[in-house]
Visitor: 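After the structure tokens below, expect a handful of questions from me.
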Amino acid sequence: MARALIVIDMQVDFCPGGALAVAGGDEIVGPINALMGDYDAVVLTQDWHPADHASFAATHPGADPFSLTDMPYGPQVLWPTHCVIGTQGAEFHPGLDLNRADLVIRKGFRAGIDSYSAFFENDRQTPTGLAGYLRDRGLSDLFFVGLAHDFCVAWSAVDAARLGFCATVIEDATRAIDLDGSRDRARAEMAAAGVRLE
Ligand code: VGL
Ligand code: ZN
């Protein structure tokens with residue numbers, strides 16, 4: 001089985017000093033670079049939002065960052081403005097080895113819908129195209145690293161397992177936002193979906 005390393009959202013805004021910083025996010029850049037050579041393919045995802053994105057608290061007058069709202073597709077956390085298209089915060093961490101990436105897949109670029117998963121937008125139906133790419137290349141054994149463990153990494157790994165890929169999360173090469181216990185919930189949901197945690 002050909003193996004792919006899927007590096008989720010290793011971007012400036014998710015690292016310390018960024019708009020939606022994940023504690024210790026920068027600590028995993030070196031370990032991720034070191035893993036890249038061990039795989040048949042490397043895919044990077046890039047959170048990539050228009051400035052008026054519906055997932056931003058600032059788009060909803062009076063709403064606080066990290067509060068919940070109801071979207072047509074279900075509940076949605078309202079985030080600080082982050083990873084706006086074309087801004088410095090949306091760039092990859094400067095230490096990440098971009099040269100080894102076969103594919104960069106951007107997500108969250110439609111103003112009305114968020115996209116945590118690398119495979120589907122948050123309606124869980126609109127595909128990003130990644131599954132087709134991986135299947136066409138015969139990459140069936142997927143290893144997930146990056147940010148954030150409890151949102152984009154977890155949703156991606158769960159979707160991968162549901163799509164019939166073999167999915168593993170290398171937890172040492174992730175860091176979590178951990179909003180109201182979201183890290184433990186994400187671990188339970190991944191285990192229930194058949195994702196291996198290693
Ligand atoms: C992410 C919240 C909002 C992530 C992206 O990469 O986990 N989290 N956008
Ligand atoms: Zn986002």
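Indexing begins at 1, ligand by ligand and atom by atom, following the structure's order. These values consider heavy atoms only, across backbone and side chains, with no hydrogens, waters or symmetry-generated copies. Note that the numbering runs from 1 along the sequence shown for the chain.
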Visitor: Can you tell me if His82 has an N, O or S atom under 2.8 Å away from the Zn ion (ligand 2)?
Guide: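 Yes, His82 qualifies, because one of its backbone or side-chain N, O or S atoms lies under 2.8 Å.
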Visitor: Among side-chain atoms of Thr126 and Asp123, is any donor-acceptor pair under 3.5 angstrom?
Guide: yes
Visitor: Answer yes or no for His49: is there an N/O/S atom below the 2.8 Å cut-off from the Zn ion (ligand 2)?
Guide: yes
Visitor: Run the ring pair (Phe, Tyr, Trp, His ring centres under 6.0 Å) test on Trp79 and Phe151 for me, step by step, so that the C-alpha distance in whole Å, both residues' side-chain angles and the decisive distance to 0.1 Å come before the verdict.
Guide: CA-CA 12 Å; Trp79 301 106; Phe151 288 92; 5.0 Å; yes
Visitor: Between Asp47 and ligand 1, does any nitrogen or oxygen pair lie at a separation below 3.5 Å?
Guide: yes
Visitor: Got a salt bridge between Arg185 and Asp180, using NZ or NE/NH1/NH2 to carboxylate O under 4.0 Å?
Guide: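 Looking at Asp180 together with Arg185, the answer is no, because their closest N to O distance does not fall below 4.0 Å.
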Visitor: Grouping I, L, V, M, F, W and Y whenever their side-chain heavy atoms are under 4.5 Å apart, do Tyr39 and Phe92 come out in a common cluster?
Guide: yes
Visitor: Answer side chain, backbone, both or neither: which part of Leu147 comes under 4.0 Å from ligand 1, heavy atoms only.
Guide: backbone
Visitor: Please give the atom name: the N, O or S atom of Asp47 nearest to the Zn ion (ligand 2).
Guide: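 Atom name returned: OD2.
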Visitor: Is it the case that the side chains of Asp52 and Thr59 hold a donor-acceptor pair, with the cut-off being a distance below 3.5 Å and no angle test?
Guide: no
Visitor: How far is atom 6 (O) of ligand 1 from its nearest protein heavy atom, and which residue and atom is that?
Guide: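 Of the protein heavy atoms, Asp9 OD2, 2.6 Å lies nearest.
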Visitor: Tell me: protein heavy atom nearest atom 4 (C) of ligand 1, and distance?
Guide: Cys152 SG, 2.8 Å
Visitor: At a threshold of 2.8 Å, where the distance has to be below it, does the Zn ion (ligand 2) have an N, O or S atom of Asp114 nearby?
Guide: no
Visitor: Look only at interatomic distance and state if His49 has a nitrogen or oxygen under 3.5 Å from any nitrogen or oxygen of ligand 1.
Guide: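 No; the residue has no nitrogen or oxygen that sits under 3.5 Å from a nitrogen or oxygen of the ligand.
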Visitor: How many angstroms lie between atom CZ of Phe143 and atom CG of Asp38, to the nearest 0.5 angstrom?
Guide: 10.0 Å
Visitor: Backbone or side chain, does any N or O of Ala148 fall under 3.5 Å from an N or O of ligand 1?
Guide: yes
Visitor: Is there a donor-acceptor contact under 3.5 Å from the side chain of Asn122 to the main chain of Tyr116?
Guide: yes
Visitor: Does at least one non-hydrogen atom of Gln11 fall below 4.0 angstrom from an atom of ligand 1?
Guide: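 The answer is no, since Gln11 has no heavy atom less than 4.0 Å from ligand 1.
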Visitor: So does Ala90 get a backbone contact from the side chain of Gln46, meaning a donor-acceptor N/O pair under 3.5 Å?
Guide: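 Yes, Gln46 side chain to Ala90 backbone: donor-acceptor pair under 3.5 Å.
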Visitor: Starting from atom 2 (C) of ligand 1, find the nearest protein heavy-atom neighbour and note its residue, name and distance.
Guide: Trp79 CE2, 3.3 Å
